Amino acid sequence: MPSIQTALPPELVNNARRLYRECLRRAKYVGHRQNNTPLLVDMIRHQFKKNMLETNPEKIQTMMDAAARGLVNHMLLESEQITGRKLSGRT
């Protein structure tokens, strides 16, 4: 199964630590706007810590794809709100 991470820079998606940092940055940004920063940051930290001992490369890739998909979805949502145009395929 090919990776869906092509929308993000390869230096970000091929490194779990950088992906984690970017997820935390997004959580802090969204949390600041919605006044729930600690909750969002805790959720990100919990998910990464829960899976940090995983050794199966396929599962790791699946989890990294899910994190990248979340980042891409957030960027699309932000773009839609800024431009007022619908960019995603959701109804």
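The first residue of the sequence shown is numbered 1, and numbering continues consecutively from there. Remember, predicted model here, so these are calculated numbers, not experimental data.
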Under 3.5 Å donor-acceptor pairs involving side-chain atoms of residues 41-55, not counting sequence neighbours:
unit_1, atom_1, unit_2, atom_2, d
N51, ND2, Q47, O, 2.9
E54, OE2, N56, N, 3.2

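- Members clustered with I82: none, using a 4.5 Å side-chain heavy-atom cutoff among hydrophobic residues.
- Within a 6.0 Å sphere centred on CD of E58, other residues, nucleotides and ligands contribute 12 heavy atoms or fewer.
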List the atom pairs, donor and acceptor, that lie under 3.5 Å between side-chain atoms in residues 28-38 and the rest of the protein, sequence neighbours left out.
unit_1, atom_1, unit_2, atom_2, d
Y29, OH, R33, NH1, 3.4
Y29, OH, E78, OE1, 3.2
R33, NH1, E78, OE1, 3.1
R33, NH1, E78, OE2, 2.8
T37, OG1, G31, O, 3.3
T37, OG1, H32, N, 3.0

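- Expressed to the nearest 0.5 Å, how far CG of L19 lies from CG of L24 amounts to 10.0 Å.
- The distance from the SG atom of C23 to the CZ atom of R18 is 14.0 Å, given to the nearest 0.5 Å.
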